[in-house]
Trainee: 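Here it is, the structure, as structure tokens.
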Amino acid sequence: MKLDGKRVLITGASRGIGAAIAELFANEGAHVAVSARSRAVLQLADRLRAAGLRAEAMQGDIADEAHVRALVQMCRDRLGGLDVLVNNVGVLLSAKLGMIRMEDARRMFEVNVIATINLTQYAIRTFPRGKGGSVINLASIAGSRGIDGISAYSASKAAVIGFTRAAAKELAPQNIRVNAIAPGFVDTDMARQVSPEWFRQRVESIRIGRIGQPNDVARCAVFLASDDAAYVTGQILGVDGSMAV
Amino acid sequence: MTNERLVKCFVEALGVAPDSVTDGLAYNSIKQWDSVGHMALVAAMETEFNIMLDTDEIIALRSVGAAKQILRKHTVAFP
């Protein structure tokens, strides 16, 4: 198993890409801790434990400092620290320019960017001293290329990419690798928030001929978390089936 | 005993001699206590005293004396 013995925290894990990462990581031997606002995250952990896998869960809002502290404390107490952090949680509130509510833009930056920075600061302190670890941020093709109709979301994910590259440089001396995955159009509830016409156009723009599946992203996350990626840091890995934007 | 535990944090995190860990020892005053050493020190203190420091406390952690003040806020007693 590729992640045998790794202790991993995954945010936004109640559904979609986060849940797929949690399930695949647990099946690859990791002891996972999962967090989300929805109760479904508790059920996910129950399901994993029922399958004989190791999983802990905490329900809460990642933008809430008290939840972040409690979450990291849980990782210390139940996992004995962390080797891998997956900053997966994200909010997408779509609106064309001229109709973007500032409260929506702020919420996206608070969850997609500020919470990523904050949790990273807390989590890396629990990484084993001298042995390093891996931080995986979920960016987006919207952040690397820009997508019309979701400019505020694109801006927040571009910030995640900037943070990833800078943090990789800062943490490399401690052997902590920081990478990001930039998914294209992946079949999740978040992707289906958009209009049916927009959805159809996006799928047609994918040259590989199909929409991405959460497991397409999860498999790349396994690679970045594993020792196979021991010399990989500061990279933004596109997982988009050659999507045109 | 508490002081010995704090000294141990500095020794293990920064690789300094125990007798150099005095109240006046300050961040960036020695090459070992740079930003990288600082994070290791924070982790060592959190583990040793089973506490979680917030960002303001980490920024305020500028000397051994400051470390003691911060730990007192977490109800760790020093002589």
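First the proteins, then the strands, lettered A, B, ... as listed; each starts at 1.
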Trainee: Tell me if the CZ atom of B:Arg72 is crowded by more than 12 foreign heavy atoms within 6.0 Å.
Mentor: yes

Trainee: Using non-hydrogen atoms and a limit below 4.5 Å, what part of residues 46-74 of chain A faces chain B?
Mentor: A:Arg69, A:Val72, A:Gln73

Trainee: Is the number of heavy atoms from other residues, nucleotides or ligands within 6.0 Å of NZ (A:Lys2) greater than 12?
Mentor: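 Count not over threshold, so no.
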
Trainee: Applying a heavy-atom distance below 4.5 Å, give me the residues of residues 103-140 of chain A that approach chain B, sorted by number.
Mentor: A:Gln121, A:Tyr122, A:Ile124, A:Arg125, A:Arg129

Trainee: Taking side chain as everything from C-beta outward and backbone as N, CA, C, O, which of these in B:Asp54 sits under 4.5 Å from a heavy atom of chain A? Side chain, backbone, both or neither.
Mentor: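 For B:Asp54, backbone and side chain are both near chain A.
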
Trainee: Under a 4.5 Å heavy-atom cut-off, does chain A meet the side chain of B:Leu53, its backbone, both or neither?
Mentor: both

Trainee: What part of B:Ile51 gets closer than 4.5 Å to chain A, counting heavy atoms only: side chain, backbone, both or neither?
Mentor: backbone

